[in-house]
Amino acid sequence: MFFLIGYFIPCRCERELIEKIVQSVWRKVQATFTLLDSSQTFVGVNFRLEQLSSLLAHDANDVRFIGITGMVYDRIFHHFEVHSFLGNIREVSKKDQCGPFFIKKCLRNKKVLLILDDVDDLKQLEVLAGNQSWFGMGSRIMITTRNEGLLVQHGIAASYKMRGLNDCEALELFSLNAFRKEQPEEEFLELTNHFLEYARGLPLVLKTLGSFLHKRGQDAWKSVLDNIHTVPNPTIFNTLKISYDGLEDMEKRVFLDVAFFHKGKCMKQVIPILDNSREVSSSIMIDLLIEKSLLTVEKCIQYDNSAKYFIGMHDLIQEMAWTIVAQESEQPGLRSRLSLPDDIFHIFTTNTGTGAIEGIVLQLPELEEVHWSCEAFSNMHGLRFLEFDNLIISSSPKFLPCSLRIMVWSGYPSKSLPPSFHPRFLTVLRMRQSKLVRLWDGKENFPKLKCIDLSYSNKLITTPDFTGLQNLEELNLGDCTKLVEIHPSIAVLKKLKVLNLRGCESIKSLPSEVEMDALQYLNLFGCSKVKKIPEFSNQMKSLSTLFIRGTAIEKLPSSIEHLVGLTRLSINTCRKEMFVNMKNLKFLGLFGKPRDEWSLVRLIGTRKSDVPCPSLVLSSLYHLRCLEVLQLCYCDLGEGDIPDDIGCLSSLKRLILSGNNFVTLPASIKCLSRLESLWLDECQRLEQLPDLPPNRKLHVNVSDCTSLKRLSDPSNLHDFAFWSVNCITLVEDENWIKTMYSRIAKYATEVLSLSLSLSLSLSLSLI
């Protein structure tokens with residue numbers, strides 16, 4: 001405690017004295033603001049400090065606010081005139097009021113290192129670090145927070161997201177706490193690995209578990225490991241739950257839904273499900289949960305270089321969510337969400353379902369038959385989400401909750417839905433591989449239903465009346481092989497975007513005209529008895545994908561020219577100039593009969609002329625400059641049938657000409673600079689390849705080209721991958737043989753060089 005004895009002095013001297021006293025007190029007080037004992041070992045800190053150096057930029061004469069997590073204070077405070085660590089602001093701010101005037105007054109002209117730890121509210125930042133003018137040049141204000149959104153709201157552009165420890169760092173931290181040394185005891189090594197796998201790099205978990213296990217025997221370690229998923233450590237659970245407790249009510253519901261039902265799923269699929277099941281716009285809530293580090297987003301690059309984003313979550317965060325729901329009640333039937341098989345089996349075998357249950361997901365690893373009465377559904381008046389997979393139920397449900405928003409039930413056991421099932425809020429109905437013969441009788445009004453998926457339901461005979469489904473956007477009846485009739489009301493589904501009838505081999509006819517203005521995808525592949533395709537209205541400008549290969553359609557309607565938005569087209573035949581208006585096409589596939597099918601035709605005594613064969617006329621490809629994939633397989637293309645202007649397809653990546661009858665290819669193929677795949681397999685009359693594009697990504701397949709004699713320039717073969725199985729004539733070409741020998745020698749040299757480099761590196765590491 002400091003005492004100040006006051007006496008009368010001139011005004012200027014008084015001011016100077018006060019300033020000196022303040023400076024003296026400040027030096028004593030700020031020296032007490034340290035974080036931890038400097039002798040303590042910090043695992044993995046040095047590497048992260050190196051990553052931070054560019055953000056800190058000690059030499060820059062400005063004021064910088066940096067969002068960060070982690071322990072770095074003791075390593076950098078010596079760079080600053082004043083340094084202060086304000087810890088646990090989340091809790092402290094609930095009890096004490098901060099003094100912004102004091103901070104502004106004392107720190108305005110000083111080079112300051114100020115660390116604000118565990119900030120969870122924007123007001124805390126506004127009070128403790130309002131803006132750059134509060135601090136002297138060279139100051140660095142670092143904010144640790146679980147909520148990345150706070151940094152953005154406060155205008156902090158520079159941020160560093162602290163990652164979990166890598167495997168080596170995790171092993172070191174765990175060992176320091178469990179064994180008081182950097183490596184585990186040999187007899188504990190296997191058990192240690194199990195705990196490291198559980199912690200997945202989280203320092204809190206590694207330190208807490210390591211300290212708890214210190215000086216305990218192997219039996220105790222095994223017991224903790226057995227209970228680790230069912231009896232959560234209170235220190236770990238309570239620390240992780242802090243972020244959950246700070247959520248709004250609807251954010252908590254969305255978080256728990258994701259933890260129980262949607263972890264690992266594609267973001268694009270999950271958000272509509274959450275929107276429909278909760279009747280809210282969940283996209284912003286997902287963003288907030290990501291900002292608060294409760295969810296993660298994992299980017300996955302697809303084969304076509306497009307990106308998909310998947311919702312992720314640390315296993316311990318998910319276990320925390322499971323524990324929160326388990327604490328709702330000791331009885332599974334009184335909990336809001338169920339995903340553990342034992343809990344779900346208990347409810348359906350004891351008929352203990354209640355209105356508290358909002359969601360059930362049972363996804364078994366293998367197909368399993370159960371003997372349930374399904375009477376438990378009769379009490380689940382609050383059920384919104386239901387998903388069964390790999391489950392065979394012996395009896396048919398007589399009742400389903402009308403509260404359902406999402407129902408996904410693979411292998412549904414009944415011939416139809418229960419007569420009492422009138423779910424006015426149902427938005428998604430997926431019943432793949434079901435035993436349905438029909439969905440329902442007569443008309444039903446499902447005003448919010450957007451998706452029906454009955455694919456692979458091989459007992460389905462007819463579709464329902466679609467009159468009461470005016471908001472339907474997706475209808476998937478793929479591979480319903482006994483489906484005979486499509487109700488004519490399908491033709492006026494104005495909001496339908498996806499119609500998949502692939503493999504519906506029993507359908508004989510479709511509506512004569514469709515007015516599906518929103519339709520984007522139409523797949524009739526394998527509808528082998530369909531002879532006529534509907535007329536397309538001039539409003540169907542959204543249709544981008546049309547697959548009618550494998551049908552009995554012999555003539556395309558003239559209205560196909562209305563499909564100006566078409567980007568993917570797969571057909572059996574075409575007529576001259578039908579592609580003129582399809583300038584946006586990216587995929588075009590025209591297919592005939594493979595040679596093995598013609599052989600089968602001849603074996604059974606049918607003449608080739610008796611079987612429909614595509615009549616392909618391509619006078620020009622000039623209008624198809626957006627094409628990325630062109631497939632003209634088994635189309636009986638002869639010499640000169642491929643247009644000379646094929647080289648104008650500047651976007652083309654894949655050219656598949658398998659099973660045709662041309663002898664040579666147009667020289668302009670060399671101009672296809674983006675070409676990555678050229679398939680010419682089974683072109684048995686092909687004698688010579690033209691010069692090919694100099695693209696190192698190019699893959700060429702000339703297998704079974706039995707007449708191929710030579711390549712124009714075999715020296716270019718080193719630029720691309722080449723398949724040439726059963727090219728019996730090509731092996732007689734001396735240039736070809738020399739090229740192959742030189743290529744083999746080159747690869748052998750590269751392999752030998754790589755082996756030597758690896759051996760040398762290993763030797764040096766051993767030294």
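This is a predicted model, so every value here is computed, not measured.
- Side-chain contact between Leu477 and Ile486 is present, with heavy atoms from C-beta onward closer than 4.5 Å.
- Here the straight-line distance linking atom NZ of Lys448 with atom CG of Leu469 works out to 14.5 Å at 0.5 Å rounding.
- Pairing each heavy atom of His487 with each of Thr463, the nearest pair is N-OG1, 3.0 Å.
- Taking 4.5 Å as the limit, some side-chain heavy atom of Val258 sits within range of a side-chain heavy atom of Ile286.
- The CG atom of Leu657 sits 11.5 Å away from the OH atom of Tyr634 when rounded to the nearest 0.5 Å.
- Between Asp479 and Asn458, the closest side-chain pair of non-hydrogen atoms is not below 4.5 Å.
- Scanning all heavy atoms of the two residues, the minimum distance from Met285 to Val254 falls at SD-CG2, 3.7 Å.
- In this structure, Tyr456 and Cys480 approach most closely via the heavy-atom pair N-SG, 4.1 Å.
- Remark: side-chain polar atoms of Asn695 are paired, donor with acceptor, to backbone N or O of Leu675 under 3.5 angstrom.
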For side-chain contact (heavy atoms from CB on, under 4.5 Å), just list the numbers for Gln363 and Asn390, CA-CA rounded to whole Å, side-chain angles, deciding distance to a tenth of an Å, and then say yes or no. CA-CA 6 Å; Gln363 296 175 317; Asn390 265 348; over 6 Å; no
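- Partners of Phe536 under the ring pair (Phe, Tyr, Trp, His ring centres under 6.0 Å) rule, at least two apart in sequence or in another chain, do not exist in this structure.
- When all heavy atoms of Pro643 and Pro666 are compared, the closest pair comes out as O-CG, 3.8 Å.
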Could you walk me through whether Ser455 and Arg432 pass side-chain hydrogen bond (donor to acceptor under 3.5 Å, both in side chains), step by step? CA-CA 5 Å; Ser455 55; Arg432 307 183 72 176; 2.9 Å; yes
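- Within the 3.5 Å criterion, the main-chain N or O of Gly647 finds a donor-acceptor partner in the side chain of Ser668.
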Does the pair Cys683 and Phe662 meet the rule for a side-chain contact (heavy atoms from CB on, under 4.5 Å), with working shown? CA-CA 7 Å; Cys683 292; Phe662 42 74; 3.7 Å; yes
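- Leu429 is not listed as a side-chain neighbour of Asp453, based on a closest heavy-atom distance of 4.5 Å or more.
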Under the criterion side-chain contact (heavy atoms from CB on, under 4.5 Å), I'd like the reasoning laid out for Ile656 against Leu630: C-alpha separation, chi angles, the key distance, then a yes or no. CA-CA 6 Å; Ile656 303 174; Leu630 176 59; over 6 Å; no
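- Judged by distance alone, the side chain of Thr664 and the main-chain N or O of Gln688 form no donor-acceptor pair under 3.5 Å.
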Check against side-chain hydrogen bond (donor to acceptor under 3.5 Å, both in side chains), Asn660 and Asp636: CA-CA 5 Å; Asn660 285 298; Asp636 201 24; over 6 Å; no
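- Leu652 CG to Lys586 NZ: the interatomic distance, rounded to the nearest 0.5 Å, is 13.5 Å.
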Could you go through Ile646 and Leu665, starting from their C-alpha distance and side-chain angles, then the distance that decides it, and tell me whether this counts as side-chain contact (heavy atoms from CB on, under 4.5 Å)? CA-CA 10 Å; Ile646 192 172; Leu665 290 169; over 6 Å; no
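- Put simply, the side chain of Ile571 reaches to within 4.5 Å of the side chain of Leu569, judged on heavy atoms.
- Side-chain rings of Trp679 and His699 stay apart, their centers remaining 6.0 Å or farther from each other.
- The distance from atom CG of Leu708 to atom CG of Leu680, rounded to the nearest 0.5 Å, is 8.5 Å.
- Screening Ile406, Asp275, Leu449, Ile273 for a side-chain contact (heavy atoms from CB on, under 4.5 Å) involving Thr427 leaves a single residue, Ile406.
- Contact check for Leu588 versus Leu624: side-chain heavy atoms found under the 4.5 Å cut-off.
- Counting non-hydrogen atoms of neighbouring residues, nucleotides and ligands closer than 6.0 angstrom, the CD atom of Glu687 exceeds 12 such neighbours.
- Judged by distance alone, the side chain of Ser457 and the main-chain N or O of Met431 form a donor-acceptor pair under 3.5 Å.
- The minimum heavy-atom distance between Leu698 and Leu678, with the atom names listed, is CD1-N, 4.3 Å.
- Residues Lys265 and Glu387 are paired through a salt bridge, judged by an N-O separation under 4.0 Å between the basic side chain and the carboxylate.
- Heavy-atom minimum distance, Ser658 versus Asp681: OG-OD1, 2.6 Å.
- Residues Ser570 and Phe587 form a side-chain contact, since some pair of their non-hydrogen atoms from C-beta on lies under 4.5 Å apart.
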Would you list the atom pairs, donor with acceptor, under 3.5 Å between side chains in residues 506-522 and any protein atom, with sequence neighbours excluded?
residue: Ser506; atom: OG; partner: Thr481; partner atom: O; Å: 2.5
residue: Tyr521; atom: OH; partner: Asn523; partner atom: ND2; Å: 3.0

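- Looking only at distances, a side-chain donor or acceptor of Ser489 sits under 3.5 Å from a matching main-chain atom of Phe466.
- In this structure, NE2 on His262 lies 12.5 Å from CE on Met267, to the nearest 0.5 angstrom.
- Contact of the Leu649 side chain with the Leu655 side chain is not registered, since no non-hydrogen atoms from C-beta on lie closer than 4.5 Å.
- Distance check: Ser707 OG to Leu686 CG gives 8.0 Å after rounding to the nearest 0.5 Å.
- The neighbour count for Phe261 CZ, taken as heavy atoms of other residues, nucleotides or ligands under 6.0 Å away, is above 12.
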Anything under 3.5 Å between a donor and an acceptor, one on a side chain of residues 490-505, the other on a protein residue two or more places apart or in another chain? List them.
residue: Lys495; atom: NZ; partner: Asn471; partner atom: OD1; Å: 2.7
residue: Asn500; atom: OD1; partner: Arg502; partner atom: N; Å: 3.0
residue: Asn500; atom: ND2; partner: Asn476; partner atom: OD1; Å: 3.2

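- Remark: side-chain polar atoms of Asn584 are paired, donor with acceptor, to backbone N or O of Val564 under 3.5 angstrom.
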